[in-house]
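Structure, as structure tokens:
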Amino acid sequence: MSLREANLEVKVVVETPLLDENEKGPWPSTVTEIKKTGYEGLLQIYELAFKDRVTHWAHGGMVGYPGYDAGVIGRMSDRHDILRDCHTLRLIEPAGWFYKTDALRKMCDIWDKYGSGLMNFHGATGDIQLIGVPTDNIIPAFNELAKEHWDLGGSGGDFRTASCCIGPARCENAMIDTLDIYQTLMTDPNNLDAMHRPRWPYKFKLKISGCPTDCNAGVARADFVLIGIWRDDMKVDQDEVKKYADGGLDIGYIASRCPGRAMEWDGETLTIDNDNCMRCMYCINKMPKALRPGDDRGATILLGGRARGRYGAFLGWPLIPFMKLEAPYENVQELIDTLTEWWDENGRTKERMGETIYRIGTGKMLVETGLKPNPTMVRAPRNNPFWFYLPGEVEE
Amino acid sequence: MSLREANLEVKVVVETPLLDENEKGPWPSTVTEIKKTGYEGLLQIYELAFKDRVTHWAHGGMVGYPGYDAGVIGRMSDRHDILRDCHTLRLIEPAGWFYKTDALRKMCDIWDKYGSGLMNFHGATGDIQLIGVPTDNIIPAFNELAKEHWDLGGSGGDFRTASCCIGPARCENAMIDTLDIYQTLMTDPNNLDAMHRPRWPYKFKLKISGCPTDCNAGVARADFVLIGIWRDDMKVDQDEVKKYADGGLDIGYIASRCPGRAMEWDGETLTIDNDNCMRCMYCINKMPKALRPGDDRGATILLGGRARGRYGAFLGWPLIPFMKLEAPYENVQELIDTLTEWWDENGRTKERMGETIYRIGTGKMLVETGLKPNPTMVRAPRNNPFWFYLPGEVEE
Amino acid sequence: MPMDELDFGPPDYKDMLPDYISKNYGKWKCHELLEPGVFKHVSETGDEVYTVRTGAPKFIASQTVREICDIADEYCGGCVRFTAKHSIEFMTPEKDNVEKIKEAVGKLGLPVGGTGNAMHSIVTCTGWVHCHTPATDSPGIAKAVYDELLPYFQRDDLPARVNIAVSGCLNMCGAVHCSDIALLGMHRVPPKVNDDVVSTACEVPSLIAACPTYAIKPKMLKQEDGTMKKSIQIDAPKCMYCGICYGICPGVPLADAKNDGVSVWVGGKVSSTRGGPAFSRLVIPFLPNNAPRWPEVVDTVKKIVDVWAAEAKPDERMGEWIERIGWKAFFDKMGFEFTEKHVDDYIFSVRDMNWGARLKGTELK
Amino acid sequence: MPMDELDFGPPDYKDMLPDYISKNYGKWKCHELLEPGVFKHVSETGDEVYTVRTGAPKFIASQTVREICDIADEYCGGCVRFTAKHSIEFMTPEKDNVEKIKEAVGKLGLPVGGTGNAMHSIVTCTGWVHCHTPATDSPGIAKAVYDELLPYFQRDDLPARVNIAVSGCLNMCGAVHCSDIALLGMHRVPPKVNDDVVSTACEVPSLIAACPTYAIKPKMLKQEDGTMKKSIQIDAPKCMYCGICYGICPGVPLADAKNDGVSVWVGGKVSSTRGGPAFSRLVIPFLPNNAPRWPEVVDTVKKIVDVWAAEAKPDERMGEWIERIGWKAFFDKMGFEFTEKHVDDYIFSVRDMNWGARLKGTELK
Ligand code: SRM
Ligand code: SRM
Ligand code: SRM
Ligand code: SRM
Ligand code: SF4
Ligand code: SF4
Ligand code: SF4
Ligand code: SF4
Ligand code: SF4
Ligand code: SF4
Ligand code: SF4
Ligand code: SF4
């Protein structure tokens, strides 16, 4: 009998008056879903939180799959009388979050057998989250999942599971092959080793977006971001522009909000000043049938993003304004290695890459890694007169 | 015989080949002026600096006028064989730097008698700088200057000599009486006490500009700035606007650079969206005959500016967006007192007011001084979740 | 599993793509939003693909996943996809299937929408459902907000998209910090130190080093048997309740029924379009944890969206609108109080001060 | 002077104003720039006042002041004024006097100009003439720059005004940090500690506390007589040569003939007009102290002004022009090298990083 069947057998008799209130209303409810799984202990713990207005979960201890030191988030309640251990398995998602249904169904079966049957597509980092596995079931659960080619994702101070936008799979804006880059990086043995055996100062997140629209929110959530971009001129189909205008689109207004002041619309023709265009995608997104990025494409590499942290949030800034990409993306991998090595050596515990760079100084990081300084890294060069000279740079 | 006569008697025979090079060219030269004074020692020390490419001045020791602890900048050379002491007298300038010639002539006579005859109209803070007085002459020099109503200015951790733009004396933009405010603040006995007997953590600078054009550069150089501003609607003379347009002024272009996106020009009429107008003065300065500030006038009070410092430079930010002003400007004086008292209590040695506020927190400063928080203080409210609750603000 | 069979990574995406995607991979020409929740993408090959997007609950039972698969099997060539914001996408090359998919997902209770100039799916963390650090229940709040704002999910005529995110605590797992509207659980009292746990389960020096405000000091306790026990004490006025210490040590929990609650932030943005990415900014420091429906939070979100929807110009995201009208006008229109807590006083605060005398007319009145 | 006669403050400004100003005080209606260096101000009373503005040397001999007074007596009703940037202004209610004043100041060697869209007077500190901390001679540099750029002082058809400022050291007495072009003396080696002076003339604890980078550590020296002497040592790699320590202690001078020099900064602005105040930004970290004429510095300034003058749009101050074209284009056009020193790494550095993927076309090529 699978765990879920066992759970369902213990009919849900537990009273959850507060959760029931939350369940009401038109939006599909997590409470309903938990009820569907028959996972009574979780329901009770959750109801208790609503009643007490504090969580009833505590640290989860050290749990995991032998050979892996990551991918399982330990979780225990503070009410062992109700439910004791309720860990999470993080599974690496398929690129772009595309699923064949048979793969999904098999995953459901395995999860019903060993876990709660409760799932999350997806966690905010992008992994599949399987919520609620008792300690003893971790090994058999993953044994079967692995057979179906579901690997554990990241957790702790490691190379976190990357993610990528839908890109070339269904978006005309994609200037890099987001899915293929993802696949290549996420099957690289060294990266997987860095993912499954945490040894870095803290987590390292990587996201890939096909264009500066950044639908994968890399700039806000990842230490390292690849964003597709073009270098040559934007392609403008004047007839299609005209059609948009005739259809009532206020192109003058769009031009007025172009951040590069690069659009000129005279009512007939749209002129793009390609030198000043900031590749922001605004006009292209407004007129997808008329405007398209140029053909000389590559990636901008951003560095240093992270939420909150010790100093408050940082957002990603361009380390490399333009890099040509070609499978198997060795130049990207090299860059990752250079940076993570530097960070591994210099970072303090619980210090994200951007924070280490901040503490030590971008300039020093560049000198030590051999990466090139570039005006695009900064909004403007420094405004304070506080910098250092290395011995040899000044006269004795 | 005055010191200058004595100096001139010792004919300038000293060779200054490098200074002579610097003296060449069309712009009037400081070297020529020093030569004119016959101040040979200074010339030699200066020439030596050009030769050695380092200064030959050193700290000046404690010198001053009895009863005052500020206003004299001690200066000694490191070549006592050439010239030993060469102090500076700082004199408080008249409001707006207007001088009757007889007052200036008398000052010259006194300075020739006791000092080098070398002057600077003015130092960057705004004082008159009289450069080069030997220690023994400080007392007699100031005795005579004081008789002519020239008082010593600020130096050290004190209320520095304020300054004001030309304002209503010759500028149509002036929305506050910059000269009168200056005069009132600079003759207040408590302020003068705070200027002449340094007791604060560091210097406190105050500047007054008649409008946001800020010709007195207060935002960059003063801890406390008064800037004239209007609250009602801008006055637009459409005929004069038209004349500018007919004269070739590109009003559409000006509108395109209005920071509040508040100008609309249809080729005939200029419309100002007064709610969105940022009172930046750009359009008014471009069309002084057509546009004028409204009639409901007062001051914006900025706080916290300073150059370089410990953290890099800070610029002034609005503490009070709008304050009505009326002689004798008691509300301004009260504000100064409140702030300097708070700073005096909380500031560390060599910490400017803005730095103390930064270190301790604007919020805390506001609570402790009873001043009101206001969204105009910030470009945007805070973006990090790090703030404090005082006991009493949360439940026990 | 044997060691050498570990570390294999994700399944190959090529095996997960349906034909109608593989054939047109990298060949997309343009797209169109046909109606709220329904896209048409056109390929250079001439192919068309229709996508129906739906919302989803934060957690899904395997049972529901199977029902989703049923729909995907019937209309979508056996493929389903989830978006970067956890919506569900049903794709089909056949236009006729669109209505059928809409009907089928309707039966499952999955609302169609969240596209274009709509409220998009709310990103939220696990909160009280599964996490040990929350100050509030993010999935519960998200549900209450969704119920109220459903109409905004189902339209596409707002001035721009509005992204809402909820995180249970400052770790910000929902990455709320760049959202149009962010709801963030806040603790408001320092951790309660449990000396027994600290001394047995935690590394005191790392704990001390972890605190960003240096509020943690070591403490030695004499035990009954005369030996010394190493624990810590917290200098309460220095603590800003960030919870970083609790992240590494179970002996310093912060949860507090009376003082935990929700803060509200607005104006953030991620994309590099127009003005580029921007942080969400604090507008309400604290609303009570009024489970099960958080009415104060829901009302606040509704009000913010309503005023913005009525007043913003086209393509003005929340923050862009506020930038135009000014923060003073925003606080006035919303009736929110601006307090000293809104003025940043952390490390980079200086750079957020409003340098210069550049005040809007509305700010001077 | 008796104590109770001290503290009297400045003379009354009313006694310093000439009639033609007093009568029109606060009544000015508008103004016009008649030609470079000459303004006309019109009062509501119908009065007109003409102003001739001239440059001046940093220091003036009393002799010259008297000659200036002679001109003011002859044409300006016995009044002369200095500006906020230390230019001299000769005012007169009579238009006819303008040419006469121009002639008279010409004889004195004072150049007319520095108004409107011109190079305005250069603000500079005392430098080697009189200060103990400089890394360069600001008045000397200002003179060399003026000589070369005089034509820009005498015209008014540049895209906008250009403000140049020179400071001899990081104290920035010229307030260079918000100038279109700033020239700033830089030390490049740590202070040389003179133990005798430190131990006798300085307060060691304040000295240690003063250093922003915590580079100063205490040091005890055993003296010949066996007693201990308190001095300090400097951790060289931590020192950024700011000179704050030397400001309070003569025992730690930084001046170094070989390594002192000049840095160049551009794009700052003070006024709240348009984009508001802005900092000057580093473009050249070091140019040699090539007294007596600093040719490298002069050439650099000239080049910057020339390219800007040729390319900027109307009312584009240096920084506004650069903002439009981008810093990459600026460095390229000028032929300056962008190094790691240009990337801020001090406290607020994070906020100057170029968040997002918002790159100009020129930056990608
Ligand atoms: C599951 C997930 C929330 C969700 O429901 O989506 C999650 C859940 C937790 N996060 Fe997270 N984080 C999740 C995405 C994020 C994100 C968003 C992202 O990656 O885009 C962030 C902000 C972005 C970033 O990293 O900057 C995030 C920032 C954190 C932090 C703060 C990290 C920091 O650098 O400051 C912590 C604390 C820590 O790791 O020390 C944290 C810690 C945690 C822990 C493990 C709690 C803890 O302190 O041990 C949470 C486990 C909850 C549970 O047991 O249910 N989580 N966490 C997300 C991961 C799922 C996945 O792998 O796909
Ligand atoms: C004379 C003057 C330069 C000039 O030729 O114009 C000057 C000269 C000196 N300044 Fe200054 N400062 C002068 C205006 C300024 C300004 C500009 C301003 O006030 O608008 C600033 C930058 C603005 C600001 O205050 O933020 C300025 C920032 C400094 C500093 C750094 C202050 C700080 O807060 O970081 C110092 C160092 C100190 O005081 O410790 C300093 C120190 C000095 C000393 C006293 C040197 C010292 O460390 O003892 C200089 C004496 C030079 C001499 O003996 O010839 N001076 N000083 C200016 C004062 C004349 C006057 O009273 O009118
Ligand atoms: C499917 C998805 C990518 C994926 O790999 O999953 C996606 C897909 C598209 N995005 Fe996106 N975006 C997706 C998440 C995002 C995110 C991520 C986020 O919110 O965390 C952003 C950043 C939001 C932000 O700036 O805060 C995002 C910002 C945009 C924008 C920029 C909007 C703007 O303010 O300028 C566009 C352009 C537009 O809408 O005109 C856009 C446009 C598009 C287009 C039209 C691109 C295309 O040509 O197909 C796609 C359909 C639009 C739509 O959903 O209305 N997409 N898009 C994600 C759907 C999420 C969802 O369920 O709603
Ligand atoms: C006389 C003086 C005030 C004083 O009390 O001494 C003054 C006087 C005037 N200024 Fe100024 N400004 C004076 C220093 C300044 C400063 C201070 C500084 O540079 O440190 C600034 C700030 C500069 C900055 O932004 O970095 C300043 C920024 C302006 C501006 C703003 C320019 C802009 O970029 O938008 C204007 C408006 C304009 O020129 O259109 C202006 C306009 C004016 C007007 C036209 C105002 C009027 O209606 O009379 C005056 C004559 C203009 C001129 O000089 O071309 N004045 N003006 C100062 C003359 C200094 C000099 O010798 O050159
Ligand atoms: S980031 Fe660009 S390529 Fe990727 S889905 Fe969004 S619009 Fe398409
Ligand atoms: S992509 Fe952005 S910057 Fe470029 S022209 Fe379009 S709107 Fe302007
Ligand atoms: S600050 Fe304003 S009032 Fe003062 S001189 Fe300048 S323009 Fe005139
Ligand atoms: S004063 Fe400035 S903000 Fe106001 S309308 Fe004129 S240019 Fe625009
Ligand atoms: S944001 Fe806080 S409460 Fe939510 S999952 Fe992350 S750690 Fe837990
Ligand atoms: S909650 Fe944060 S500030 Fe408070 S003691 Fe813990 S780590 Fe320090
Ligand atoms: S900037 Fe430096 S060198 Fe110049 S006067 Fe000020 S302290 Fe002296
Ligand atoms: S020069 Fe500055 S950084 Fe160096 S020791 Fe002195 S105070 Fe410290």
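Quick note on labels: first sequence line is chain A, next is B, and so on, each numbered from 1.
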Using a 4.5 angstrom heavy-atom cutoff, name the option from [options] with the most pairs to chain D.
options	value
B:Arg170, B:Lys36, B:Arg105, B:Met186	B:Arg170
B:Pro94, B:Ala313, B:Ser209	B:Ala313
B:Leu130, B:Asn22, B:Asp214	B:Asn22
B:Lys350, B:Arg292, B:Arg279	B:Arg292
B:His196, B:Met281, B:Arg348	B:His196
B:Asp20, B:Asp109, B:Asn216	B:Asp109

Closest heavy-atom contact between [X] and [Y]?
X	Y	value
B:Leu18	D:Pro292	O-CB, 3.3 Å
D:Val270	B:Ala217	CG1-CA, 3.3 Å
B:Thr55	D:His132	CG2-O, 3.6 Å

Looking only at atom types and distance, does a side-chain atom of [X] sit under 3.5 Å from a main-chain N or O of [Y], one as donor and one as acceptor?
X	Y	result
B:Arg310	D:Ala210	yes
D:Lys58	B:Asn120	no
B:Tyr253	D:Pro314	yes
D:Asn289	B:Arg53	no
B:His59	D:Gly251	no

Charged N to carboxylate O under 4.0 angstrom, [X] versus [Y]?
X	Y	answer
B:Lys24	D:Asp147	no
B:Arg197	D:Asp7	yes
D:Lys143	B:Glu23	no
D:Asp73	B:Lys100	no
B:Arg257	D:Glu320	yes
D:Glu5	B:Lys147	no
D:Lys313	B:Asp250	no

Is it the side chain or the backbone of [X] that comes within 4.5 Å of chain D heavy atoms, both, or neither?
X	result
B:Leu179	both
B:Thr349	neither
B:Trp150	both
B:Pro66	backbone
B:Glu148	neither
B:Cys171	backbone
B:Cys215	backbone
B:Ser29	both
B:Ala146	both

Can you confirm whether [X] sits close enough to [Y] that some side-chain heavy atom of one is under 4.5 Å from a side-chain heavy atom of the other?
X	Y	answer
B:Tyr65	D:Leu6	yes
D:Trp28	B:Pro168	no
B:Asp180	D:Lys14	yes
D:His31	B:Lys289	no
D:Tyr13	B:Trp97	no
B:Thr101	D:Arg66	no
D:Pro10	B:Tyr182	yes
B:Pro28	D:Pro111	yes

Relative to chain B, which segment of [X] carries a heavy atom at a distance below 4.5 Å: side chain, backbone, both, or neither?
X	value
D:Glu148	neither
D:Cys242	both
D:Ala209	backbone
D:Cys178	side chain
D:Leu150	side chain
D:Thr213	neither
D:Asp15	backbone

Partner residues of B:His56 under the side chain to side chain donor-acceptor pair (under 3.5 Å) criterion, sequence neighbours left out: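 In terms of side chain to side chain donor-acceptor pair (under 3.5 Å), with neighbours along the sequence ignored, B:His56 is linked to B:Asp52, B:Asp78.
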Going by atom types only, do [X] and [Y] share a side-chain donor-acceptor pair under 3.5 Å?
X	Y	answer
B:Asp112	D:Ser62	yes
D:Tyr25	B:Asp177	yes
D:Thr64	B:Glu33	yes
D:Asn171	B:Arg308	yes

Taking the ring of [Y] and the ring of [X], is the distance between their centroids below 6.0 Å?
X	Y	answer
B:Phe121	D:His86	no
B:Trp27	D:Tyr146	yes
D:Phe82	B:Tyr99	yes
B:Tyr46	D:Phe59	no

Hey, what do you get for [atom1] ([X]) to [atom2] ([Y]), rounding to the nearest 0.5 Å?
X	Y	atom1	atom2	value
B:Leu302	D:Ser272	CG	OG	7.0 Å
B:Glu93	D:Met16	CD	CE	11.0 Å
B:Ile284	D:Thr273	CD1	OG1	11.5 Å

Geometric class of the D:Phe8/B:Phe142 ring pair [parallel <30°, tilted 30-60°, perpendicular >60°]: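 Rings of B:Phe142 and D:Phe8: parallel, under 30°.
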Full working for salt bridge (Lys or Arg N to Asp or Glu O under 4.0 Å) between D:Lys27 and B:Glu172: CA-CA 7 Å; D:Lys27 300 191 186 129; B:Glu172 70 270 16; over 6 Å; no
Sorted by number, residues from residues 122-130 of chain D in contact with chain B (heavy atoms, under 4.5 Å):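 Residues of residues 122-130 of chain D touching chain B at under 4.5 Å: D:Trp128, D:Val129, D:His130.
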